[in-house]
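Each chain gets a letter, A, B and so on, in the order the sequences are listed, and its residues count up from 1.
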Protein chains: 2
Amino acid sequence: MPKGFGGPPGWWARRFRGLEHRLTIPRQSVIDVLSKTSKHLSAEDIYLEVHKVYPMIGLSSVYRILEWLVQLGVVMKFDFGDKKARYELIKESREEHHHHHLVCRKCKRVIDYTEFINDEVEFIKKAEQGLSKKYNFKIEDHIIQFRGLCSECKETE
Amino acid sequence: MPKGFGGPPGWWARRFRGLEHRLTIPRQSVIDVLSKTSKHLSAEDIYLEVHKVYPMIGLSSVYRILEWLVQLGVVMKFDFGDKKARYELIKESREEHHHHHLVCRKCKRVIDYTEFINDEVEFIKKAEQGLSKKYNFKIEDHIIQFRGLCSECKETE
DNA sequence: GTTTTTAATGAGAATAATTATCATTACCAA
DNA sequence: TTGGTAATGATAATTATTCTCATTAAAAAC
Ligand SMILES: [Mn+2]
Ligand SMILES: [Mn+2]
Ligand SMILES: [Zn+2]
Ligand SMILES: [Zn+2]
């Protein structure tokens, strides 16, 4: 795997080997872009980034690849209220990078936060146990968002 | 206000009186539909329901009215991963009806749950305090979703 | 009540994110 | 190599949502 393609060399190759999933250059490139940022990129953002290093990429491929990664549980897809989906790689060291979002309803700015994760994990664990039992529902992940006004938008109210 | 238009007679009229907001028949009708269901209706669902009782309603009015209600903090707008927005009236007795959602990633079914609300309120209160201070962010509401597979979809896996 | 002013509506066109289609290309396994 | 399959990229199609604008309804002024 060429240097600069997302994570420790071979990591993604190993991640996908054996599955009937090929780690092609377009796929590598998308993963690479996602792995290099903590921003919340839209499909088009990602397309433009990949395009810089791999200009023959097609926008439809980006959408296809993102959907593939979401299905595989490698990427999370978010809706922050502007009308495009935003994507974020789920980091390996989940515990380290587990976080949620503050979303400004006005400017749509998004702030990652990791505070209170311990309290959260405790609360979530209990809730997940109870809910999955009661509703016979297999819980795979969760979303927590606080919504309101960011410091900037609070001024201009 | 005609009987059957959403809640105790005069309630919504009082709710909006004095604001420069008119409680017209299209607006009443939309509120009425939302107040009579616990489903998570899309704009078009609402349009079709209102249309039954007020056939001259326009779809664009429904969108406009829903946005207005969201701005007023009377209605919440959700994204459950199918690609249309869904709307839910925020009930007066918030404590009573405060709930969150289990969302099936496969069939997009949505289950309301109210369990663990006490634990949640405690956790949320603490988090809100800390986060709003640290990030100088005015928190207005929050979203919690558990996502995964409903009992049906778990079978066909 | 009638007129004046303003806000809200409804039809339809326009927008824009996402999906579907399909011919071409890259990849893998004999 | 060669055959079979999976992935890609260009493009068209879809579809939820927003915009525009002439018409209508509501409140305010008279
Ligand atoms: Mn994030
Ligand atoms: Mn609900
Ligand atoms: Zn803001
Ligand atoms: Zn399901």
Considering every strand and a 4.0 Å limit on heavy-atom distances, what is the contact class for A/Ser61: base, sugar-phosphate, or nothing?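 Base, at least one base heavy atom under 4.0 Å.
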Looking across every strand, which nucleic acid part, if any, lies under 4.0 Å from B/Thr24 by heavy atom: base, sugar-phosphate, or nothing?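 B/Thr24: backbone/sugar contact only, no base atoms under 4.0 Å.
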When the distance from [atom1] of [X] to [atom2] of [N] is rounded to whole Å, what number comes out?
X: A/Asp79; N: D/dT17; atom1: CG; atom2: P; value: 10 Å
X: A/Tyr47; N: D/dT11; atom1: OH; atom2: P; value: 11 Å
X: B/Arg64; N: C/dA11; atom1: CZ; atom2: P; value: 11 Å
X: B/Gln71; N: D/dT18; atom1: CD; atom2: C1'; value: 14 Å
X: B/Tyr54; N: D/dT24; atom1: OH; atom2: P; value: 13 Å
X: B/Arg27; N: C/dA8; atom1: CZ; atom2: C1'; value: 6 Å
X: A/Ile65; N: C/dT19; atom1: CD1; atom2: P; value: 14 Å
X: B/Ile25; N: C/dA7; atom1: CD1; atom2: P; value: 20 Å

Among side-chain atoms of A/Tyr135 and B/Glu115, is any donor-acceptor pair under 3.5 angstrom?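 A donor-acceptor contact under 3.5 Å links the two side chains.
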Check whether the side chains of B/Glu88 and B/His97 place a donor and an acceptor atom closer than 3.5 Å, and report yes or no.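 Note: B/Glu88 and B/His97 side chains miss the donor-acceptor criterion.
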Please tell me if A/Lys84 has a side-chain N or O lying less than 4.0 Å from either OP1 or OP2 of C/dA17.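 Indeed, a polar side-chain atom of A/Lys84 lies that close.
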Taking only side-chain N and O atoms of B/Tyr63, does any of them lie within less than 4.0 angstrom of OP1 or OP2 on D/dT18?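 B/Tyr63 to D/dT18 OP1/OP2: no side-chain N or O under 4.0 Å.
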Report the relative orientation of the aromatic rings in [X] and [Y]; use parallel for angles under 30°, tilted for 30 to 60°, perpendicular for over 60°.
X: A/Tyr113; Y: A/Phe146; answer: tilted
X: A/His100; Y: A/His98; answer: perpendicular
X: A/His99; Y: A/His40; answer: tilted

For B/Leu59 and for A/Leu59, find the nucleotide of DNA chain C with the closest heavy atom, then tell me which residue's nucleotide is more 5'.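 The residue mapped nearer the 5' terminus is B/Leu59.
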Where the side chain of A/Arg22 is concerned, which of C/dT18, D/dT17, C/dC27 is the nearest nucleotide?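 Among C/dT18, D/dT17, C/dC27, the one nearest the side chain of A/Arg22 is C/dC27.
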Which nucleotide in D/dT17, D/dA27, D/dG9 has an atom nearest any side-chain atom of A/Pro26: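 Nearest listed nucleotide: D/dG9.
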